Amino acid sequence: MDFKIEAKDIATKARSGQITTAHGKIETPIFMPVGTVGSVKAVQVSDLKTDVKAQIILGNTYHLYLRPGLEVLKKAGGLQKFNGWNRPILTDSGGYQVYSLSGTRKLSEEGVVFRSHIDGSKHLFTPERVIDIERCIGADIMMAFDECTPYPCSYDYARKSMQMTHAWLDRCIAQYNATEPLYGYHQTLFPIVQGSVYKDLRRESAEKIASVAKEGCSIGGLSVGEPKEVMYELTELVCDILPKDIPRYLMGVGTPENILEGIAQGIDMFDCVMPTRNGRNAMLFTKNGILNMRNKKWAEDFSYIEEDGASYVDTLYTKAYLRHLFHAQEFLAGMIGSLHNLAFYLWLVGEARKHILLGDFAIWKSGMVKQVMQRL
RNA sequence: GGGGGGAUACCAGAGCGGUCAAAUGGAACAGACUGUAAAUCUGUCGGCUUCGCCUUCGGAGGUUCGAAUCCUCCUCCCCCCA
């Protein structure tokens with residue numbers, strides 16, 4: 001994997017660049033749609049490519065391991081072939097499930113025993129095992145196995161968890177170095193900064209990650225409920241420590257505002273379920289603000305979803321019609337919402353990139369944040 | 001013509017003497033959602049000057065300390081037999 005920085009903003013720490021993977025190039029800053037079980041929910045691959053203009057999508061190690069399972073993925077020749085995407089894929093390691101499925105798993109220094117949310121069966125995930133699974137999935141970018149700490153989180157717990165994540169990282173790297181890709185193309189490994197909301201822990205973790213990161217690195221454990229100001233402050237602190245010449249990925253973030261702030265602090269990659277999940281739940285992000293498409297006020301609004309929107313659905317359907325679809329619980333409603341939101345997110349990071357290259361990112365951003373976050 | 005059942009809030013539908021402004025669904029209205037156990041979840045849902053009060057359970061009377069619940073009559077609906 002290769003990363004070239006093309007431009008650096010002067011007023012902020014934003015930068016634009018290009019990542020080259022075995023499955024294609026990625027222009028940064030970039031937003032990566034989430035496709036947990038191998039599919040970006042409610043969105044066709046064809047639309048992801050031509051309409052959303054996604055360049056890389058996520059998959060999830062825990063979910064794909066459980067279903068369809070490693071044998072199928074191996075026989076398919078990797079996830080890129082299996083799901084028809086054939087472009088760059090990043091897999092989350094299951095570290096988020098350590099957090100989100102905390103009620104059905106047991107955590108120890110060795111690893112995590114998950115109780116399958118599908119059938120209740122037990123599955124041990126160790127750092128070594130996670131790397132093996134990610135090899136089977138064939139992700140271009142594999143995430144190290146970590147614990148995403150909850151919020152709030154005591155200092156003591158955060159410190160121990162961070163130390164464990166660091167120990168797991170060393171084991172991930174060892175396993176990474178001891179194994180080969182299964183499908184003949186290069187896979188890279190991103191380590192993850194943890195440390196909850198504690199600055200000294202974040203600093204320590206960032207230093208650890210900086211010392212081992214080769215081709216990219218990431219920041220985890222944020223956007224789990226802490227105030228956004230805390231997230232911004234910690235992102236800045238961490239970015240100042242992380243290597244400048246490799247991509248930085250802020251995991252699980254976020255709202256359009258979060259993403260623009262992240263870009264300003266030097267983040268290159270983002271992912272979040274928000275555009276798809278909220279899109280399925282009738283919340284639309286537009287360049288003029290946020291709409292709840294279930295609201296009565298759209299019942300007889302026959303204007304297009306977004307007159308100059310980024311997706312073809314924006315001028316194919318009216319607000320009144322989309323509201324009707326949501327009320328009628330038609331699958332099409334969630335498909336339109338997801339497609340619209342993803343196209344908006346990709347448009348947003350594309351614009352950010354454009355303005356970084358132009359040199360007026362800071363001005364553009366402050367106007368855009370206000371515009372994009374207002375409620376319509 | 002004879003016999004029986006029923007009318008409850010926007011809809012459907014519990015309740016069958018006090019703990020009922022009335023269960024439960026649905027609809028409606030609003031909100032939440034940040035490395036997806038989510039096409040999910042939450043709240044409100046008679047009125048008001050809202051720790052209380054007022055008006056409601058087809059209509060009119062009555063019994064009772066007290067009625068959506070019991071009695072009488074009326075109106076409408078449904079079913080069975082001829």
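None of the values given here were measured: they were computed from a predicted structure. Residue numbers start from 1 in every chain, and the chains themselves are labelled A, B, ... in the order their sequence lines are given, proteins ahead of strands. Atoms considered below: every heavy atom in the structure, side chains included; atoms not considered: hydrogens, waters and symmetry mates.
Taking atom P on both B:U8 and B:G2, the two are 27 Å apart, rounded to the nearest angstrom. Between the C1' atoms of B:U49 and B:U42, the separation comes to 30 Å (whole Å). Remark: the separation of the C1' atoms in B:C48 and B:C65 is 28 Å, to the nearest Å. For B:G5 and B:U72, the P atoms lie 13 Å apart once the distance is rounded to whole Å. Spacing between B:U56 and B:C51 at atom C1', rounded to whole Å, works out to 23 Å.
Of all the residues in residues 141-170 of chain A, A:Asp146, A:Cys148 reach under 4.0 Å from RNA chain B with at least one non-hydrogen atom. Of the residues in residues 322-339 of chain A, those with a non-hydrogen atom less than 4.0 angstrom from any atom of RNA chain B are A:Arg323, A:His327, A:Gln329, A:Phe331. RNA chain B lies under 4.0 Å from at least one heavy atom of each of the following residues of residues 203-240 of chain A: A:Gly221, A:Ser223.
A salt bridge links A:Lys208 to A:Asp170: one of the charged nitrogens lies within less than 4.0 Å of a carboxylate oxygen.
Applying the salt bridge (charged side-chain N to carboxylate O under 4.0 Å, His left out) definition to pairs two or more places apart or across chains, those involving residues 259-281 of chain A are A:Arg15-A:Asp268, A:Glu261-A:Lys365. The salt bridge (charged side-chain N to carboxylate O under 4.0 Å, His left out) pairs that include a residue from residues 65-77 of chain A are A:Glu71-A:Lys74, where partners are two or more places apart or lie in different chains.
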Close N or O pairs between protein and nucleotides 36-38 of chain B (under 3.5 Å):
residue: B:U36; atom: OP1; partner: A:Asn60; partner atom: ND2; Å: 3.1
residue: B:U36; atom: OP1; partner: A:Asp92; partner atom: OD2; Å: 3.2
residue: B:U36; atom: OP2; partner: A:Thr36; partner atom: OG1; Å: 3.1
residue: B:U36; atom: O4'; partner: A:Arg277; partner atom: NH2; Å: 3.2
residue: B:U36; atom: O3'; partner: A:His63; partner atom: NE2; Å: 3.4
residue: B:U36; atom: O3'; partner: A:Gln97; partner atom: NE2; Å: 3.2
residue: B:U36; atom: O2; partner: A:Arg277; partner atom: NE; Å: 3.3
residue: B:U36; atom: O2; partner: A:Arg277; partner atom: NH2; Å: 3.2
residue: B:U36; atom: N3; partner: A:Arg280; partner atom: NH2; Å: 3.4
residue: B:U36; atom: O4; partner: A:Thr276; partner atom: OG1; Å: 2.4
residue: B:A37; atom: OP2; partner: A:Ser100; partner atom: OG; Å: 2.4
residue: B:A37; atom: O5'; partner: A:His63; partner atom: NE2; Å: 3.1
residue: B:A38; atom: O2'; partner: A:Arg280; partner atom: NH2; Å: 3.3
residue: B:A38; atom: N7; partner: A:Arg277; partner atom: NE; Å: 3.4
residue: B:A38; atom: N7; partner: A:Arg277; partner atom: NH1; Å: 3.1
residue: B:A38; atom: N7; partner: A:Arg277; partner atom: NH2; Å: 2.6

Sub-3.5 Å pairs of nitrogen or oxygen atoms, protein against nucleotides 42-45 of chain B:
none

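Among the atoms of the strands shown, none is found under 4.0 Å from any heavy atom of A:Leu250. The residue A:Arg67 sits apart from the nucleic acid: no heavy atom pair falls under 4.0 Å.
Cluster partners of A:Leu357 are absent, since no Ile, Leu, Val, Met, Phe, Trp or Tyr has side-chain heavy atoms less than 4.5 Å from it.
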Can you give each donor-acceptor pair under 3.5 Å made by side-chain atoms of residues 28-49 of chain A, sequence neighbours left out, with the distance rounded to 0.1 Å?
residue: A:Thr28; atom: OG1; partner: A:Gly17; partner atom: N; Å: 2.9
residue: A:Thr28; atom: OG1; partner: A:Gly17; partner atom: O; Å: 3.2
residue: A:Asp47; atom: OD1; partner: A:Tyr312; partner atom: OH; Å: 3.2
residue: A:Asp47; atom: OD2; partner: A:Tyr312; partner atom: OH; Å: 3.2
residue: A:Lys49; atom: NZ; partner: A:Gly84; partner atom: O; Å: 3.4
residue: A:Lys49; atom: NZ; partner: A:Trp85; partner atom: O; Å: 3.1

Sequence neighbours left out, cut at 3.5 Å: what donor-acceptor pairs do the side chains of residues 293-300 of chain A make with other protein atoms?
residue: A:Arg294; atom: NH2; partner: A:Asn281; partner atom: O; Å: 3.2
residue: A:Lys297; atom: NZ; partner: A:Leu376; partner atom: O; Å: 3.0
residue: A:Trp298; atom: NE1; partner: A:Asn292; partner atom: O; Å: 2.9

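For the pair A:Ile290 CD1 and B:A30 C1', the computed distance is 16 Å after rounding to whole Å.
Take A:Tyr155 and apply the ring-ring contact (aromatic ring centres under 6.0 Å, His included) test, not counting sequence neighbours, and it matches A:Tyr198. Partners of A:Tyr99 under the ring-ring contact (aromatic ring centres under 6.0 Å, His included) rule, at least two apart in sequence or in another chain, are A:Tyr96.
Between the SG atom in A:Cys136 and the CD1 atom in A:Ile131 there is a gap of 11.5 Å [rounded to 0.5 Å].
In this entry B:G1 has B:C81 as its Watson-Crick or G-U wobble partner, both defining distances falling under 3.5 Å.
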